[in-house]
Amino acid sequence: MNHEETGRRLFQMAENLAEYVTQLQYKHQPDLAERFGERGRLLTIQDSGYSIKYLAESVYMQSPDLFNHYTSWMTELLSGYQVSREDLALNFQMIEQAINAHFGEADRALIGEYLEIGLHQIQSAQNSETFLSEERPFSETAIAYTEAILRADRREALKLILTKLEEGMAIADLYLHVFQPSQREIGRLWQTNQITVAQEHLCTAATQMIMSHLYPHLFAAERSGNTMVAACVGQELHEIGLRMVADLFELNGWDTYYLGANVPTRSLIRTLVEKKAQLVAISATMTFHVHLVEELIAEIRSSEAGQYVHILVGGLPFNIDRDLWRKVGADGYANDAQEAIRLADHWKHHRIGNELARSN
């Protein structure tokens, strides 16, 4: 069976299939119109589309873990909007009917295996746990900081961070043990419907603003002569994680060029060549963008830059499936900035060793 071809076709058909699924679901559950109105129908189309895209990416990458995680996430998210596990299970069953109506036998069997995993996960999914447990390093600071930005009290949050900096707390610790778990907790609170999208955006903007106050310290570090370029694939809305990685590389003496999201491939490759980068960091937070990472890496490999640059990937999909980096053709994967720097240093020393060996 060709997982890539099946997954790609499923992804391409996602929007049409989502409308078909919604028609089926409202036929089986006519009470949905009363419960949620016309807006509910539109949201069902949207959510079904997301489910099909996540399903397609999981099939494409031969990674059941991706769809398994998505199902748990979706189950918890929708419970906050009075959508029951039974409603979601029926939606998956309608997706299966749509697949059966539009795909051949071999594709149906392949996709069905992943859907079955999702259906099982709906019933066994557990609620997520806080990222701000007291056992974590600097948890008191992380909790106080998160409470401040949730109140939209940016002044208090900034004051806390600057005070900790004056007291001797390392910038790396502020990033890894305050900003990072705080942002993850903000995402969890949104997922569980405890805060709104607007609050989530305000909190992220506050953290970005506060990070900018630390930049003089980042750029004061002694330069190492190494260069890193960082970019997100697709129209990613969550760029702050990669921004943190780039900042800590800068703190460690690297010259970093953070390009953000939706950068044309040619422009990215041109930057790698012009800056003579030894490392490119690529991030994806949305699972259905993983194939874009694979395509981007293939383009880099076939270019002039591909002869000398190491490719590092990160983001939620790669945290879910720890072997996914191999499937997309990267040189390695990192869960956070600290791990990324450790891996980059390893490659740097290996490269220097090879250069010395060739010179001798």
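FYI, the numbering just counts along the sequence from 1. All values reported here derive from a predicted model rather than from experimental measurement.
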Which residue pairs pass the side chain to side chain donor-acceptor pair (under 3.5 Å) test when at least one of the two sits in residues 155-165, sequence neighbours left out?
none
ring-ring contact (aromatic ring centres under 6.0 Å, His included) filter on Tyr258, not counting sequence neighbours, yields none
Applying ring-ring contact (aromatic ring centres under 6.0 Å, His included) to Tyr60 and not counting sequence neighbours gives none
Report yes or no: do Glu57 and His291 form a side-chain donor-acceptor pair below 3.5 Å?
yes
List in chain and number order the residues that pass salt bridge (Lys or Arg N to Asp or Glu O under 4.0 Å) with Arg35, two or more places apart in sequence or in another chain; answer none if no residue qualifies.
Asp31, Asp87
Qualifying residues under ring-ring contact (aromatic ring centres under 6.0 Å, His included), relative to His177, sequence neighbours excluded
Phe138
With ring pair (Phe, Tyr, Trp, His ring centres under 6.0 Å) as the rule and sequence neighbours excluded, what pairs involving residues 143-171 come up?
Tyr145-Phe179
With sequence neighbours excluded, residues passing side-chain contact (heavy atoms from CB on, under 4.5 Å) with Glu38:
Arg41, Leu42
Kindly write out the residues that satisfy side-chain contact (heavy atoms from CB on, under 4.5 Å) with Leu292, not counting sequence neighbours, or none if the list is empty.
Val233, His289, Glu295
For Gln338, check side-chain contact (heavy atoms from CB on, under 4.5 Å) against everything at least two apart and list the hits.
Leu176, Asp336, Arg342
Holding to side-chain contact (heavy atoms from CB on, under 4.5 Å), I want the full list of residues that pass it with Leu77, two or more places apart in sequence or in another chain.
Trp73, Met74, Tyr81, Trp190, Gln191
Does any donor atom in the side chain of Tyr70 or Ser51 lie under 3.5 Å from an acceptor atom in the other side chain?
yes
Enumerate the residue pairs fulfilling ring pair (Phe, Tyr, Trp, His ring centres under 6.0 Å) with a member in residues 101-134, sequence neighbours excluded, ordered by first and then second residue.
Tyr20-His102
Among residues two or more places apart or on two chains, list those pairs meeting salt bridge (Lys or Arg N to Asp or Glu O under 4.0 Å) that have a residue in residues 220-232.
Arg223-Glu250, Arg223-Asp255
